[in-house]
A.B. asks: 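Here it is: the structure, laid out below.
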Amino acid sequence: MPGFFFSHNNMAELNRKEDCKLAEGKIHKKKQKAFGADLKNYLKCMVPHIESGIKTSNSRNVMLSAEEVIQWSQSLEKLLASQSGQGVFREFLKSEFSEENIEFWLACEDYKKTKSDHLHGKAERIYEEFVQSDAIKQINIDYQMREATAKKAQDPTHTSFDEAQKTVYILMERDSYPRFLKSKAYLNLLNQLQTSTSK
């Protein structure tokens, strides 16, 4: 799963810092209101260590720069094209209890790359996890689209989830993405990166 992870060495450094209680695992259960502060503190702790690189799920070091973070504000497409952007946006969506949107979108992107002989299994998993009416991570689509997607998933092709994915993308683009760009988490990350590059 793509995410916003850091190398083991950076985490070891963070564990020694008193102001990084989130990184030390001392903050587990917080009210939703405190999420922004927790993410802010987490990002504040991480930013000084960005020079060492951000470790993503594909085990390569990625340098996060102010320029990249600024590009995230140009479009949702640019944000989702960045693995670090996906991770930060996912954390934001978790704070809004809507992370199923990005998870579904990413599952669809992966599905499109699937070999034809594996489509049926993946289509079934995506349908059960996100589309069916009692899905644990049910996405917000109307009844007609849910029914049409269910039919397409029974005889899957690489485009079976395209319409539902487009609907979820538009929902994120119009709703969550503008709030993300105004969020303290995003603005503080950008500010920290701009401050560190101007030194």
Side-chain angles (χ1 to χ4, degrees), residues 1-11 14 20 22-23 32 34-114 126 129-130 137 139-140 161-162 164-198:
M1 290 183 344
F4 194 69
F5 301 102
F6 293 82
S7 67
H8 177 68
N9 293 340
N10 287 347
M11 287 304 292
L14 290 175
C20 294
L22 180 63
Q32 182 185 6
F35 175 82
D38 291 345
L39 182 59
K40 176 182 170 186
N41 289 336
Y42 178 76
L43 292 172
K44 265 176 115 174
C45 294
M46 299 302 164
V47 169
H49 305 284
I50 284 175
E51 294 78 28
S52 302
I54 294 172
K55 187 147 184 159
T56 59
S57 61
N58 61 3
S59 299
R60 61 184 184 129
N61 283 337
V62 176
M63 300 304 285
L64 184 60
S65 66
E67 291 77 26
E68 181 181 357
V69 175
I70 289 169
Q71 284 183 359
W72 297 351
S73 69
Q74 294 173 2
S75 69
L76 179 59
E77 182 180 353
K78 290 196 177 185
L79 172 66
L80 295 177
S82 161
Q83 287 206 346
S84 299
Q86 290 173 13
V88 174
F89 190 51
R90 177 180 276 173
E91 288 301 312
F92 173 76
L93 292 176
K94 281 182 183 177
S95 75
E96 297 199 328
F97 302 101
S98 60
E99 69 266 24
E100 70 279 355
N101 292 327
I102 192 168
E103 289 178 14
F104 173 72
W105 187 86
L106 290 168
C108 291
E109 288 297 292
D110 178 62
Y111 176 79
K112 291 175 190 176
K113 300 172 191 166
T114 304
I126 291 171
E129 190 172 351
F130 299 105
K137 298 178 181 179
I139 54 171
N140 187 10
F161 296 99
D162 282 3
Q165 184 187 22
K166 182 178 178 183
T167 299
V168 167
Y169 181 90
I170 290 169
L171 179 67
M172 289 191 295
E173 187 175 44
R174 291 183 181 165
D175 188 36
S176 305
Y177 177 65
R179 284 198 306 277
F180 169 73
L181 294 178
K182 294 174 185 171
S183 71
K184 287 183 179 180
Y186 173 75
L187 295 173
N188 287 339
L189 175 62
L190 180 58
N191 184 48
Q192 290 286 333
L193 288 167
Q194 288 174 328
T195 302
S196 68
T197 51
S198 64

A.B. asks: Please enumerate all residues that pass side chain to side chain donor-acceptor pair (under 3.5 Å) together with Thr114, with sequence neighbours excluded.
C.D. replies: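 For Thr114, the residues satisfying side chain to side chain donor-acceptor pair (under 3.5 Å) (neighbours in sequence not counted) are Lys122.
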
A.B. asks: Can you find a heavy atom in the side chain of Phe180 that is under 4.5 Å from one in the side chain of Leu76?
C.D. replies: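 Phe180 does not reach Leu76 side chain to side chain.
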
A.B. asks: Please report the closest heavy-atom contact between Phe130 and Ala107, naming both atoms and the distance.
C.D. replies: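 That closest heavy-atom pairing would be CE1-CB, 4.1 Å.
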
A.B. asks: Check side chain to side chain donor-acceptor pair (under 3.5 Å) between Glu100 and all other residues, then give those that pass, not counting sequence neighbours.
C.D. replies: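 Residues passing side chain to side chain donor-acceptor pair (under 3.5 Å) with Glu100: none at all.
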
A.B. asks: Atom CG in Leu190, atom CD in Glu67: separation rounded to 0.5 Å?
C.D. replies: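 Rounded to the nearest 0.5 Å, the CG-CD separation comes to 10.0 Å.
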
A.B. asks: Where does the angle between the aromatic ring planes of Tyr169 and Trp105 fall among parallel (under 30°), tilted (30 to 60°) and perpendicular (over 60°)?
C.D. replies: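 If you compare the ring of Tyr169 with that of Trp105, the planes turn out tilted.
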
A.B. asks: Do Val69 and Gln194 touch side chain to side chain, with heavy atoms closer than 4.5 Å?
C.D. replies: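 Sidechains of Gln194 and Val69: no contact.
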
A.B. asks: Do the non-hydrogen side-chain atoms of Phe89 and Met172 ever get within less than 4.5 Å of each other?
C.D. replies: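 Answer yes - side chains close enough.
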
A.B. asks: With the threshold set at 4.0 Å, does a side-chain nitrogen-carboxylate oxygen contact exist between Arg179 and Asp175?
C.D. replies: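 The answer is yes: the pair qualifies as a salt bridge.
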
A.B. asks: Output the distance between atom OG1 (Thr167) and atom CG (Asn140), rounded to the nearest 0.5 Å.
C.D. replies: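 With rounding to 0.5 Å, OG1 (Thr167) is 9.5 Å from CG (Asn140).
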
A.B. asks: Can you tell me how far the CD1 atom of Ile102 sits from the CG atom of Leu79, to the nearest 0.5 Å?
C.D. replies: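 Nearest 0.5 Å value for the CD1-CG distance: 7.0 Å.
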
A.B. asks: Applying side chain to side chain contact (heavy atoms under 4.5 Å, CB included), name anything that partners Ser82, two or more places apart in sequence or on another chain.
C.D. replies: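 Ser82 satisfies side chain to side chain contact (heavy atoms under 4.5 Å, CB included) with Glu68, Trp72, Ser84 only.
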
A.B. asks: Tell me, please, which residues at least two apart from Gln74 pass side chain to side chain contact (heavy atoms under 4.5 Å, CB included).
C.D. replies: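 Scan of Gln74 (side chain to side chain contact (heavy atoms under 4.5 Å, CB included), adjacent residues dropped) gives Gln71, Lys78.
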
A.B. asks: Could you go through Phe92 and Tyr186, starting from their C-alpha distance and side-chain angles, then the distance that decides it, and tell me whether this counts as side chain to side chain contact (heavy atoms under 4.5 Å, CB included)?
C.D. replies: CA-CA 9 Å; Phe92 173 76; Tyr186 173 75; over 6 Å; no

A.B. asks: Just jot down the side chain to side chain contact (heavy atoms under 4.5 Å, CB included) partners of Glu99, sequence neighbours excluded, or say none.
C.D. replies: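 For Glu99 the side chain to side chain contact (heavy atoms under 4.5 Å, CB included) partners, ignoring immediate neighbours, are Leu93, Lys94, Glu103.
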
A.B. asks: Using the side chain to side chain contact (heavy atoms under 4.5 Å, CB included) criterion, which residues pair with Leu187? Sequence neighbours excluded.
C.D. replies: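 For Leu187 there are no side chain to side chain contact (heavy atoms under 4.5 Å, CB included) partners, ignoring immediate neighbours.
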
A.B. asks: To the closest 0.5 Å, what do you measure between CD (Gln165) and CG (Leu106)?
C.D. replies: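 Going from CD on Gln165 over to CG on Leu106, the span is 9.0 Å.
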
A.B. asks: When rounded to the nearest 0.5 angstrom, what distance separates OG in Ser183 from CG in Leu181?
C.D. replies: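 Here the rounded value is 7.5 Å.
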
A.B. asks: I want to check something: taking the side chain as every heavy atom from C-beta on, are Lys112 and Asp162 in contact at a cut-off of under 4.5 Å?
C.D. replies: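 A side-chain contact under 4.5 Å exists here.
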
A.B. asks: Do Glu109 and Leu80 touch side chain to side chain, with heavy atoms closer than 4.5 Å?
C.D. replies: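 No, too far: nothing below the 4.5 Å cut-off.
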
A.B. asks: Nearest heavy-atom pair of Glu96 and Ser176: which atoms, and what distance?
C.D. replies: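 Taking every non-hydrogen atom into account, OE1-OG, 3.8 Å.
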
